[in-house]
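One structure is given below, represented as structure tokens, and several questions about it will come after.
Remember, predicted model here, so these are calculated numbers, not experimental data. The residues of the chain are indexed from 1 along the displayed sequence.
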Amino acid sequence: MAARPQRAVRKLVVQRDSESEESSDEEIENDAIEEEEAVNEEEEEDYGDDADGDGEGEQEDNAATPSSSVPNGKKKKEPITISLKTAKLCKVCKAKDHQAGFVGSVYVDCPNKPCFLCKQPGHTTATCPHRIASEHGVTPAPRRQSLGMIDFVHERQLRSQIQKMMPPPVVPNRVDCAIIKLHSRRVTNLEFHPTKDNILISGDKKGQVGIWDYEKVYEKTVYNSIHTCIVGSIRFHPTNTEMIYSCGADGTVSCSDLETGLPNRAIDLNPDGWNGPSTWRMIYGMDINGTRNVVLASDNTGFLHQVDIRTNSRIGKPLLIHKKGSKVVGLHCNPVDPDLFISCGNDHMARIWDMRFLDAEGQLAELPHPRVVNSAFFSPKSGNKILTTCQDNRLRVYDCIFSNLAEPSREIVHSHDFNRYLTCFRAEWDPKDPSENLAVIGRYISDDFNGIALHPIDFIDVSTGQLVAEVVDKNITTITPVNKLHPRLDVLASGSSRSLYIWRPKDEMEDDDKGLEAEEEIKRKVTIFTVPDHAAAKKGKDKRKFDEDEDDDDDDDMLCQKSSKKKERSVMD
């Protein structure tokens, strides 16, 4: 048997091109391996032809290259040259003199673009005056003088309920307990129990509803049967605290028992299952008017739906309250006047409505915004103020619902403009603040805290725009967009990725003693319960650490398509 000739591997020459973009070492290695394999396969075919005895390949090589220049008359293999891109280009404007991205734990944005935080040109986020002082450029609205009957009623009945002096705020700034990865997808909603101080209800992107007793930490329940897609809102039944109403992006509003988790469908906008994206309906906003015994729900096409709590059935026909085809993401009923409610959506508008005169053109006021409005809430004590969160990195405060609402009383610059794969940031009032000035919201842009990039939870005085406090924990490196203040206790609940955290104020002894012993005592007081993750356990992951992964699921529409197909199969079965 004839001996097989040895393979001739071409020499690989790597040449860097300084005018191109830089490539990673992994890409270089992969390209080299693929080129070498292609060459080896090509030469194996040539050797196979020569073994058959025709020798045509060798004759062609000899004709192209003189046999005297190569030993044994074989063709010389020229080295392969690969040009690698090494120039550092800005990913935003493609310029070569700078780069945009993280430098250590601080993000540097492109100097040729407007500031990401305040959206104004001439500076970057690192030098933005609003980042240095959040109240920069914010001036309190002047107090209106009594000019008519409406102003007289406002002064006598509404403003008298609000304290003019803001008491010192009590800020929960220490993680007291946590449950890691309670949900299978990112948390979208939180709600405290109206009578049991230690019970927290949560919803996630997959449609799961969780019940957590954070005093015992390890007592938790997760229901998968209530919704199959994003839980948009959770509210307790006004008379039965063991029942909750919830809405989901699967197009349903359900009244569920907390003991059994069995849902009673009040609204189902997709009774026939999945028939394509053009017919699929999703519900995002929901609230309960306890005085009128009505549940209000809004869908992704601009319509409002009503449910009678007593019969758990729909009332009337859907009403168009926003631009047709736009998503209505928020509803909130006035806590003082049960006839008023506010809605907000993707048509860059927030609107105030009267339940007694619901009509497509019957809104009482329009609050225009430049971008999508994530949320709009009345103040909890008097219902006279409005706080909106817009996607343009602005919190807008309206001091009086009876005044001209075309322009807000104040605009507060705050970082909450985000990309996909995050729950929307929503600024919420502190329900315990008698002055109705304190609000809480998570922050999108990270800051450097002793070399660690963290995303704080901000407490803001909306009367001046001043940052009252920023709450961080070095173990929570993920973004915390969902935050809920307890209506009776000095407790803050946060949803970050798939985990839940409970914050409480630091003790006075902990503030006075800042030594190592005090820090160790704080660590011992933090109780963390980790939900077993068998897949991660097989990979050898440390489950005692705080959750550090971000949600990388598809967007809402794709998830709804997948979940709706499951729903259709279950209906057919």
Side-chain angles (χ1 to χ4, degrees), residues 135 138 140-144 150-151 153-171 190-192 194 233 235 285 287-291 296 330-344 350-355 364-367 369 373-390 394-412 414 425-441 458-466 468 483-488 490 492:
E135 67 272 16
V138 179
R143 182 175 179 180
R144 303 175 69 251
I150 295 179
D151 296 303
V153 173
H154 169 247
E155 293 291 336
R156 285 288 302 271
Q157 297 185 2
L158 296 180
R159 188 178 291 274
S160 60
Q161 302 178 12
I162 307 174
Q163 291 186 9
K164 297 181 180 180
M165 297 297 294
M166 181 177 177
V170 179
V171 178
L190 293 175
E191 190 73 18
F192 283 102
S233 183
R235 296 290 185 270
D287 201 5
I288 296 180
N289 189 327
T291 304
L296 303 177
L331 292 174
H332 186 232
C333 296
N334 194 294
V336 176
D337 190 345
D339 295 324
L340 300 181
F341 72 93
I342 188 170
S343 62
C344 61
R351 291 184 169 94
I352 300 178
W353 303 85
D354 193 330
M355 289 285 295
L364 299 181
E366 289 186 346
L367 288 64
H369 292 70
V373 186
N374 294 338
S375 64
F377 295 104
F378 290 108
S379 53
K381 299 293 184 180
S382 67
N384 184 46
K385 295 182 179 181
I386 297 175
L387 175 63
T388 66
T389 306
C390 184
R394 297 292 194 280
L395 304 179
R396 288 173 172 82
V397 184
Y398 301 82
D399 284 335
C400 179
I401 60 176
F402 300 109
S403 62
N404 184 9
L405 300 178
E407 295 292 335
S409 303
R410 281 171 302 285
E411 290 186 3
I412 304 172
H414 181 266
F425 291 84
R426 299 181 178 92
E428 296 194 14
W429 300 95
D430 182 0
K432 301 180 299 299
D433 180 23
S435 64
E436 297 184 336
N437 287 328
L438 190 63
V440 61
I441 183 174
D458 294 331
F459 287 79
I460 300 175
D461 183 357
V462 297
S463 63
T464 61
Q466 182 180 3
V468 177
N483 300 280
K484 191 76 174 182
L485 285 167
H486 201 286
R488 297 172 297 277
D490 294 326
L492 170 67

Checklist entry - In terms of ring plane angle, is the pair His486 and Phe192 parallel, tilted or perpendicular, where the classes change at 30° and 60°? => result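 Judged by the thresholds at 30° and 60°, the geometry between His486 and Phe192 is tilted.
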Item to check | Spatial distance of atom CD (Glu436) from atom NZ (Lys381) [nearest 0.5 Å] | outcome: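 With rounding to 0.5 Å, CD (Glu436) is 8.0 Å from NZ (Lys381).
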Next on the checklist: Using every non-hydrogen atom in the two residues, find where Leu405 and Ala365 come nearest and quote the distance to one decimal.
Outcome noted: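 Shortest heavy-atom separation between Leu405 and Ala365 comes out as CD1-CB, 3.7 Å.
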Item to check | Rounded distance [0.5 Å steps], CG in Asp337 versus OG in Ser382 | outcome: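 Between Asp337 CG and Ser382 OG, I get 11.5 Å after rounding to 0.5 Å.
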Checklist entry - Looking at CG of Asp458 and CZ of Phe425, how far apart are the two atoms once the value is rounded to the nearest 0.5 Å? => result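 Spacing of CG (Asp458) from CZ (Phe425) equals 10.0 Å.
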Checklist entry - How many angstroms lie between atom OH of Tyr398 and atom OG of Ser379, to the nearest 0.5 angstrom? => result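 Separation between the atoms: 14.5 Å.
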Next on the checklist: Tell me if a side-chain donor or acceptor on Arg488 pairs with a main-chain N or O of Pro194 at a distance below 3.5 Å.
Outcome noted: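 Flag set: sc Arg488 to bb Pro194 pair under 3.5 Å.
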Next on the checklist: If you count heavy atoms of other groups shown closer than 6.0 angstrom to CD of Glu407, is the number above 12?
Outcome noted: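 No.
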Checklist entry - Short question: side chain of Trp429, backbone of Phe378 - any donor-acceptor pair under 3.5 Å? => result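 Confirmed, Trp429 side chain pairs with Phe378 backbone.
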Next on the checklist: What verdict does the side chain to side chain contact (heavy atoms under 4.5 Å, CB included) test give for Asp430 and Val440, after you've listed the backbone C-alpha separation in whole Å, the side-chain angles of each residue and the deciding distance to 0.1 Å?
Outcome noted: CA-CA 7 Å; Asp430 182 0; Val440 61; over 6 Å; no
Next on the checklist: Here's a test for you: under side chain to side chain contact (heavy atoms under 4.5 Å, CB included), which of Asp287, Leu331, Leu296 qualifies with Ser343?
Outcome noted: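 Among Asp287, Leu331, Leu296, the one that satisfies the side chain to side chain contact (heavy atoms under 4.5 Å, CB included) with Ser343 is Leu331.
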Item to check | Test side chain to side chain contact (heavy atoms under 4.5 Å, CB included) applied to Asn334 and Ile401, Asn384, Asn289, Ile386, the passing residue | outcome: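 Answer to the side chain to side chain contact (heavy atoms under 4.5 Å, CB included) test with Asn334 among Ile401, Asn384, Asn289, Ile386: Ile401.
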Item to check | Pairwise distance CD(Glu191) to CZ(Arg235) - rounded to 0.5 angstrom | outcome: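 Answer for the CD-CZ pair, Glu191 versus Arg235, is 5.0 Å.
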Item to check | Shortest non-hydrogen contact between Pro380 and Pro431, atoms and distance | outcome: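 So the two residues come closest at CG-CA, 4.0 Å.
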Checklist entry - Heavy-atom distance under 4.5 Å between the side chains of Val373 and Arg396, does that happen here? => result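 No. Closest side-chain heavy atoms not under 4.5 Å.
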Checklist entry - Are any of the side-chain heavy atoms of Met355 and Pro338 separated by less than 4.5 Å? => result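 A side-chain contact under 4.5 Å is absent here.
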Checklist entry - Does the pair Asp399/Arg410 count as a salt bridge with the N-to-O cut at 4.0 Å? => result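 Answer for the salt bridge query: yes.
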Item to check | Test item: Leu367 and Ile352 side chains (from C-beta on) under 4.5 Å apart, heavy atoms | outcome: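 Side chain of Leu367 against side chain of Ile352, heavy atoms only: contact under 4.5 Å found.
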Item to check | Note, Lys385 side chain near Asn437 side chain (heavy atom, < 4.5 Å) | outcome: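 Lys385 reaches Asn437 side chain to side chain.
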Checklist entry - What heavy-atom pair brings Gly383 and Val336 nearest, and what distance separates the two atoms? => result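 Heavy atoms only, the tightest pair is N-CG2, 3.9 Å.
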Checklist entry - Under the criterion side chain to side chain contact (heavy atoms under 4.5 Å, CB included), which of Val462, Ile460, Asp461 is the partner of Thr464? => result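 Answer after filtering Val462, Ile460, Asp461: Asp461.
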Checklist entry - Any side-chain heavy atom of Thr389 sitting closer than 4.5 Å to one from Leu395? => result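 In contact.
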Item to check | Closest heavy-atom pair and its distance - Cys344, Ala376 | outcome: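 So the two residues come closest at SG-N, 3.8 Å.
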Checklist entry - Looking only at heavy atoms, which two atoms of Lys432 and Asp490 are closest? And how far apart? => result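 For Lys432 versus Asp490, the nearest heavy atoms are CE-OD1, 3.5 Å.
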Checklist entry - Does some side-chain heavy atom of Leu485 sit less than 4.5 Å from a side-chain heavy atom of Leu438? => result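 The answer is no; the side chains never approach within 4.5 Å.
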